Structure formats: C-alpha cells, structure tokens
Protein chains: 2
Amino acid sequence: MGVRMKEVASRAGVSVKTVSNVVNGYLHVAPTTRERVQQAIDEMGYRPNLSARSLRSGRTGIIAVALPRLDEPYFAELAAAVIEVAEQRGCTVLVDQTDGLREREQVAVAGIRPDLIDGLILSPLALGADDLVSPAAGAPPLVLLGERVSDTGFDHVAIDNVAAARTATDHLLSLGRRRLAAIGGMQAVAAQTARLRLEGFAAALQDAGRTVLPGHVQEVEAFRREDGARAMDRLLDLPEPPDAVYCFSDLLALGALHALHRRGVRVPQDVAVIGTDDIAESRFSTPTLSTVVQDQVEIATLAVEALLHRLDGGHDDAPREHTVGFELRVRESTVAGAR
Amino acid sequence: MGVRMKEVASRAGVSVKTVSNVVNGYLHVAPTTRERVQQAIDEMGYRPNLSARSLRSGRTGIIAVALPRLDEPYFAELAAAVIEVAEQRGCTVLVDQTDGLREREQVAVAGIRPDLIDGLILSPLALGADDLVSPAAGAPPLVLLGERVSDTGFDHVAIDNVAAARTATDHLLSLGRRRLAAIGGMQAVAAQTARLRLEGFAAALQDAGRTVLPGHVQEVEAFRREDGARAMDRLLDLPEPPDAVYCFSDLLALGALHALHRRGVRVPQDVAVIGTDDIAESRFSTPTLSTVVQDQVEIATLAVEALLHRLDGGHDDAPREHTVGFELRVRESTVAGAR
DNA sequence: CGCCTGTGTTCCAACGATGTAAACCGGACA
DNA sequence: TGTCCGGTTTACATCGTTGGAACACAGGCG
C-alpha cells in the first residue's frame with residue numbers, strides 16, 4: 001500500500017481531517033496551511049485510497065458501460081468514446097459484455113457490483129420494457145443508449161432511427177433505383193432499433209409511391225458481417241433481385257459487399273449499398289461504403305453527462321431524452337450515375 | 001445501499017463475524033448455523049459491500065487492462081477476450097486507453113487507481129525498459145503483452161514475432177514472388193514488435209538468397225489503415241514496385257489493399273498481400289486477406305492466469321515468459337498460382 | 001470587558017467488512 | 001470432580017477516509 005493520509009498529516013503538522021479538506025477542496029482552509037499540506041502530499045506522492053473513500057462517501061468514480069460485444073467495431077468505437085469522455089470528467093470505466101443476452105443485460109441493470117459503480121450506461125439489445133419497470137432500490141443510475149425501450153423512467157440517448165432510415169432510403173431512391181431491399185429486420189420482440197429502421201424504410205418507399213417487394217426485407221440474427229453476407233445471398237437468389245440495399249448496420253453492409261463481390265455483382269453499378277454507423281472499416285472497404293452516421297462522441301458525452309448530473313444531486317429529476325443528430329455520408333457504394 | 005451483514009446477522013441470531021465466516025467459506029461453522037445464516041442471506045438478498053471488503057482485505061476483484069485504443073480491432077478483440085476470461089474467473093475488468101503514449105503508459109504502470117486494482121495487463125507500445133526498472137512499492141502485479149521490452153522482471157505473454165514474420169515471408173516466397181516489400185517499420189526506440197517482425201522478414205529473405213531491395217521497407221507512424229494505404233502508395237511509386245507485401249498488421253494490409261484497388265492493381269495477380277493478426281475484418285475484405293494469427297483467447301487466458309497466480313501468493317515467483325503459438329491463414333490475397 | 005460571529009482546525013464516530021484473541025461449550029480423560 | 005481440548009462462536013480493534021460536532025481564536029459590537 002502507499003502513503004496514508006495520516007502520514008501526510010503528521011508531516012504537515014496538521015490533523016488528518018485538514019488533509020482531507022485540502023484534498024477535497026473544502027473552502028475554509030487557510031492558504032498557508034493548504035500550501036503546506038499540498039507540499040507534503042506532493043513530496044510523499046500521496047494518493048487517496050479509493051476503497052476507503054468510497055466506503056465512506058458512497059462514490060467510487062467508476063462508471064460501467066454494458067454493451068453486447070467489444071469486438072464489434074460499432075461498440076468498440078462507442079466504448080472508446082465513453083472511456084475518453086469519462087476520463088476527461090475524472091471517471092474510470094468498467095466494461096461489461098452482455099452478448100446481447102437478456103439475462104446478462106438484466107444482471108447489468110440490477111447492478112454489476114452495485115457498491116463499486118456510480119452509474120451504468122447500457123446499450124440494450126434484448127431488454128424489454130418489463131425488465132426496467134422497477135429500478136431496484138440500491139441500483140445506481142442508468143442511462144440507456146440506442147432505442148427507447150418504451151417509457152422507462154430512465155435517461156436515454158438515441159438517434160432518430162426512423163428519420164435516419166428515411167434519409168438512407170431516399171438517397172437510394174434519388175439514384176434512380178427502384179427495387180429496394182433492406183437487410184436487418186429482426187423478429188425479437190425487443191428489437192426496437194431494427195423495427196424503427198424498417199418503419200423508416202417502408203415509409204420512405206410509400207412516400208415515393210412504391211411498396212416493399214416480397215422477400216425484399218431480409219431478417220438477420222444479429223448485425224454481423226456473416227448475417228449480412230447470408231442475407232445478400234438470399235436476395236440475389238430472388239427472381240427479381242434488388243438494385244439497391246439498405247443495411248441496418250455497416251457490418252451487415254460489409255458482409256453484403258463481400259457476398260456481392262463473391263458472386264461477381266458490381267457495386268454500385270448493379271446494386272447500390274448503404275449502411276448505418278460509419279465504422280472506420282467502411283472508409284476502406286472495396287468499394288468504400290456509403291452510410292448514415294451518428295456522432296459517437298456526442299452520444300458518449302451526453303450519456304456520461306447525464307449520469308454525472310444524476311450523481312450531482314439530480315437524483316429525482318424527470319428522465320431526459322437526448323436525441324443526437326445523424327448525417328448521410330456518400331461514398332463509392334452509392335455513387336450516382338455509375339450504372 | 002443494500003442489506004448489511006449486521007442485519008443478516010441479527011436475523012439469523014448470530015454475530016456479524018459468523019456471517020462473514022459463512023460468506024467466505026470458513027471451515028469451522030456448524031452445519032446448522034451455516035444453513036440458518038445462508039437462509040437469511042438468501043431471503044434478504046444480501047451481497048457483500050466490495051468497497052468495505054477491499055478496504056479490509058486489499059483485494060477488489062478488479063483487474064485493469066491498458067491498451068492503446070479500443071477502436072482498433074486488434075485491441076478490441078483482445079479486450080473482449082480478456083473481459084470474457086476474467087469474468088469466468090470472477091473478476092471485473094477496467095479498461096484504460098493509453099493512445100500508445102509513453103506518458104500514459106507510465107501512468108498505467110504506476111497504477112491507475114492503485115487501491116482499486118488487483119493487477120494490470122498492459123499492452124505497451126511506447127514504453128521502454130527504463131520505464132519498468134523499479135516497480136513501485138505499492139503497485140499491483142503487472143503482465144506485459146506483446147514484445148518483451150527487455151528483461152524487466154515482469155510476467156510476459158507474447159508470440160514469437162521473428163518466427164511469425166519468417167512464416168509470412170516464406171509464404172510469399174513460396175508463391176514465386178521475388179520483389180518483396182514490408183510495411184510497418186517504425187523508428188521509435190521502443191517499437192520492439194516492428195523491429196522483430198522486420199528482423200524475421202530480412203532473415204527469411206536472406207535465407208532464400210535475396211536481399212531487401214531499397215525502399216522496400218516502408219515505415220509507418222502507427223498500425224492503421226491510412227498508414228498502410230500511404231505506404232502502399234509510396235511502394236507503387238517506386239521504379240520497381242513490389243510483387244508481394246508483408247504487412248505488420250491486418251489494418252496496414254487492409255489499407256494497402258484499399259490503395260491497390262484505388263490504383264487498379266490486382267491482388268493477388270499483380271501484388272500478393274499478407275497481414276498479421278487475423279482480425280474479423282480480414283475474413284470479409286475484398287479480396288479476403290491472408291494473415292498470420294495469434295490466438296487472442298490463449299493470450300488473454302495466459303495473461304489473466306498469470307495475474308491471478310501472483311495474487312494467490314505467487315508474489316515473489318520469478319517472472320515467467322509465456323509464448324503463444326501462431327498460425328498461417330491463407331486466403332485470396334495470396335492465392336498461389338493466380339498470376 | 002464580555003458576547004457573538006465567523007473562520008480554521010481538531011476530535012470522534014461512523015462506513016461495512018475481516019483478523020485476532022479470547023470466550024464458550026460439551027465431551028474425553030485423568 | 002476437575003482439567004484439558006477441539007470445535008464453534010463472539011467481542012473488539014482495525015482498514016483509510018469523511019461528516020459533523022466541538023473547539024480555539026480572532027475581530028466587531030454593545
């Protein structure tokens with residue numbers, strides 16, 4: 001163990017509490033005392049014991065972020081942003097992987113190590129409204145990312161998925177494509193994100209006076225490359241394959257690109273492809289991938305600040321909804337005119 | 001806060017210590033007492049307060065993993081593996097991003113929140129031997145990943161980079177390629193990994209009776225896609241461009257593929273490309289990428305277990321070296337015969 | 001000159017768990 | 001009957017910190 005507050009105190013010739021006051025920036029400490037104490041702290045390299053502090057104060061300075069898997073680029077980038085933002089705010093981040101399993105998400109909400117964590121940022125995949133009805137008494141504050149699971153009484157940060165889906169779909173229509181398909185539908189009851197993107201897709205088609213062709217919405221098990229590739233294979237096997245595909249994630253889109261390439265279909269000439277997320281990989285794929293972006297740093301910032309706000313006395317404020325913007329990025333996979 | 005041990009004790013009609021004994025599986029507790037206490041625990045949903053336990057026992061059950069950036073797929077996959085393995089062993093994982101900066105790696109070694117962490121797994125980029133000479137007294141045990149910084153007195157998990165580089169290079173030679181280039185050299189003093197891979201590359205060429213052609217070893221700033229793309233551009237601008245490229249990471253290789261495609265060079269017909277790491281992306285790129293793999297789960301397992309071993313009394317054991325195997329995965333980017 | 005106010009500091013009791021040493025208890029043995 | 005003994009349980013101090021009450025001391029006021 002390192003230096004204790006007691007030792008600093010005796011070196012500075014004051015009591016332990018005075019050292020504590022200096023460390024915590026308490027107001028009424030004489031400048032000369034403060035300086036003397038600070039000097040002792042620096043000389044001895046004192047750093048407060050967080051277990052003790054947390055035992056006493058109930059705060060640890062640790063927040064947890066629970067997400068499906070860290071090896072999916074979207075979540076990795078999200079986690080990176082959360083860690084960076086949290087660090088700027090003086091917090092450390094503990095990462096929990098839920099695998100998108102309801103059970104594990106429930107555990108996370110109930111509080112992974114409730115006494116160690118000041119708050120939780122959760123990116124739910126499987127969790128439904130039922131799981132969130134009664135926040136456990138001792139559970140730390142919670143911020144939900146992604147789609148609103150329904151009115152849950154928790155803070156929430158999301159993009160407008162319906163509008164984002166419309167934007168992507170409109171873009172494909174603007175290229176003159178007519179047989180539009182979507183990859184990423186999901187059966188799971190709780191798959192709000194997929195449902196909303198599908199809703200936006202269908203709405204955009206309808207507004208353009210078109211309808212969703214049979215078989216042109218492909219369901220997937222998860223938003224992975226292999227699911228995208230398989231879905232694309234199925235689309236290509238249709239009697240009237242699509243000439244444009246909207247994918248609910250970049251990974252799905254990259255999988256689709258892979259399948260298209262394997263079968264010798266040209267992108268964007270034969271089939272235009274657009275994704276969602278703008279992960280780094282999409283800027284280097286062959287061809288580069290058009291996509292709809294949400295700003296991860298903005299999401300992370302809003303989430304961390306929402307947590308910190310609750311911790312700083314905002315315990316009982318009404319839950320807030322934050323909606324972050326999105327943006328269309330056009331790259332090679334949907335270049336206009338290339339036909 | 002939740003239930004306290006005191007309340008469980010009074011409910012079971014025993015002292016606090018007895019509850020503690022039951023919780024910690026102490027031997028001499030009468031079966032009937034144990035059962036009564038256990039029942040009280042279950043009924044009240046008691047869970048020990050970890051801050052308090054850690055204050056008293058000095059253990060938190062949290063290990064930290066410090067790596068450059070979570071949004072680089074290689075490290076994301078590594079972190080995912082560490083978290084998974086740690087969880088199986090009952091530990092939670094705190095993630096710290098160093099950005100590969102020496103200063104931040106030093107901070108990590110000195111102990112990010114030393115009292116909160118039982119041990120640290122560090123994947124150093126910039127850290128040299130000097131930074132590791134004198135383990136701070138209070139600092140938690142440390143396991144180094146990747147190249148041995150030199151004899152540092154710490155446990156270490158790595159692959160044999162020289163052998164891996166030889167394997168990759170030999171593979172390119174076996175295709176009949178003659179003008180081999182490497183992407184990934186680094187100037188930084190501490191860039192051991194780059195140096196060793198370069199060493200293996202050069203040795204393999206020499207054994208085949210060839211030498212490294214001028215300009216055929218491209219330096220990079222970091223192992224990112226954009227660095228790979230730029231390096232590939234420079235190689236293609238040479239009077240005698242290479243017909244095969246060994247990249248020190250998959251990201252570099254993917255960047256190189258991107259540059260090759262942009263300039264209309266065919267892979268593998270005109271230039272064969274091989275990477276290192278086997279990140280998921282490499283299995284879906286166009287063309288799919290050949291690579292040399294190390295087993296991330298094995299690395300993570302060895303690292304976590306090395307830490308736990310130290311914690312379980314192995315404090316003063318001699319530092320151990322673990323070398324994990326690697327394997328060549330041949331994909332489209334180096335298909336033999338395609339010329 | 002004593003009283004009050006406000007500032008700066010100290011003392012003491014927590015926070016919730018665990019290690020230590022001592023107490024308890026019934027039975028075995030002398 | 002008394003002592004000893006092992007297993008079982010308890011009381012108490014303790015980990016390092018912070019909150020609150022208490023205290024000391026100055027200056028301003030009546």
Side-chain angles (χ1 to χ4, degrees), chain A residues 1-38 40-41 44-62 111 113-118 138 311 313, chain B residues 1-38 40-41 44-62 111 113-118 137-138 140 311 313:
Chain A
M1 282 279 164
V3 188
R4 272 146 269 165
M5 199 176 254
K6 199 185 202 169
E7 308 173 48
V8 176
S10 92
R11 169 147 188 165
V14 295
S15 78
V16 200
K17 187 69 221 291
T18 301
V19 178
S20 166
N21 286 339
V22 170
V23 170
N24 295 1
Y26 179 69
L27 284 174
H28 303 301
V29 178
T32 61
T33 315
R34 158 159 286 139
E35 193 179 343
R36 194 151 35 97
V37 171
Q38 189 59 53
I41 289 178
M44 310 181 75
Y46 167 78
R47 292 182 58 181
N49 177 319
L50 294 180
S51 294
R53 167 179 290 176
S54 117
L55 174 59
R56 190 63 243 229
S57 69
R59 287 270 291 265
T60 60
I62 300 186
R113 326 200 86 185
D115 297 307
L116 263 185
I117 281 171
D118 287 347
L311 293 175
Chain B
M1 284 280 164
V3 187
R4 272 145 273 169
M5 198 176 255
K6 197 184 201 170
E7 309 174 45
V8 176
S10 92
R11 171 150 189 158
V14 296
S15 79
V16 202
K17 188 68 222 290
T18 301
V19 179
S20 167
N21 286 340
V22 171
V23 170
N24 295 359
Y26 179 68
L27 284 174
H28 302 302
V29 177
T32 61
T33 316
R34 159 161 285 141
E35 192 179 343
R36 195 151 34 97
V37 171
Q38 189 59 53
I41 288 178
M44 309 181 75
Y46 168 78
R47 293 183 56 181
N49 177 321
L50 295 180
S51 294
R53 169 178 290 176
S54 121
L55 174 60
R56 193 65 245 244
S57 69
R59 286 272 290 266
T60 59
I62 300 186
R113 326 198 89 183
D115 297 305
L116 262 186
I117 283 171
D118 287 348
L311 292 175

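Below, chains carry the letters A, B, ... as their sequence lines are ordered, and counting in each starts from 1. It should be emphasised that the depicted structure is a prediction, and the values quoted were computed from it without experimental measurement.
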S.K.: So which heavy atom on A:Ala52 is nearest to which on B:Leu55, and how close?
M.R.: CB-CD1, 3.7 Å

S.K.: Does the side chain of B:Val14 come within less than 4.5 Å of B:Thr33's, by heavy atoms?
M.R.: yes

S.K.: Contact class for B:Ser51 vs. all strands (heavy atom < 4.0 Å): base, sugar-phosphate, or nothing?
M.R.: nothing

S.K.: Distance check needed: D:dT9 C1' versus B:Asn24 CG, whole Å only.
M.R.: 16 Å

S.K.: Note down the inter-axis angle between the two ends of the helix from C:dC1-D:dG30 to C:dA30-D:dT1, five pairs each, to the nearest 10°.
M.R.: 70°

S.K.: Who passes side chain to side chain donor-acceptor pair (under 3.5 Å) against B:Ser10, sequence neighbours left out?
M.R.: none

S.K.: If you find the nucleotide of DNA chain D closest to B:Ala52 and the one closest to B:Val29, which residue's nucleotide is nearer the 5' end?
M.R.: B:Val29

S.K.: With a 4.0 Å limit, can you tell me whether B:Thr33 has a side-chain N or O closer than that to the phosphate oxygens OP1/OP2 of D:dT9?
M.R.: yes

S.K.: Working note: A:Arg53 + A:Asn24, criterion side-chain contact (heavy atoms from CB on, under 4.5 Å); need CA distance, chi angles, decisive distance, verdict.
M.R.: CA-CA 11 Å; A:Arg53 167 179 290 176; A:Asn24 295 1; 3.5 Å; yes

S.K.: Can you check whether A:Tyr46 reaches A:Val23 side chain to side chain, under 4.5 Å on heavy atoms?
M.R.: yes

S.K.: Roughly, in whole Å, what's the span from CG in B:Asn49 to C1' in D:dC15?
M.R.: 13 Å

S.K.: Would you kindly give the CG-to-P distance between B:Leu55 and D:dC15, to the nearest whole Å?
M.R.: 9 Å

S.K.: Would you tell me if any nitrogen or oxygen in the side chain of B:Tyr46 comes within less than 4.0 Å of OP1 or OP2 on C:dA17?
M.R.: yes

S.K.: Regarding B:Val23, tell me which of base, sugar-phosphate or nothing describes its non-hydrogen contacts under 4.0 Å with the strands shown.
M.R.: nothing

S.K.: Please state how far atom CD in B:Glu7 lies from atom C1' in C:dG16, giving the value in whole angstrom units.
M.R.: 11 Å

S.K.: Write down the distance between CZ (A:Arg56) and C1' (D:dT18), rounded to a whole number of angstrom.
M.R.: 5 Å

S.K.: Is A:Lys6 side chain donor-acceptor paired with the D:dG16 base, going by distance under 3.5 Å alone?
M.R.: no

S.K.: If you measure from CG on A:Asn21 to NE2 on A:His28, what distance do you get to the nearest 0.5 Å?
M.R.: 10.0 Å

S.K.: In whole Å, what is the span from the CG atom of B:Asn21 to the C1' atom of C:dG19?
M.R.: 10 Å

S.K.: May I ask you to verify if any side-chain N or O of A:Ser20 is less than 4.0 angstrom from the OP1 or OP2 atom of D:dT18?
M.R.: yes

S.K.: Rounded to the nearest angstrom, tell me the gap between atom NZ in A:Lys17 and atom C1' in C:dA14.
M.R.: 13 Å

S.K.: Whole Å only: how far is the CZ atom of A:Arg53 from the P atom of C:dG16?
M.R.: 18 Å

S.K.: Measure the shortest side-chain to side-chain distance between B:Pro48 and B:Met5 over non-hydrogen atoms and say whether it is less than 4.5 angstrom.
M.R.: no

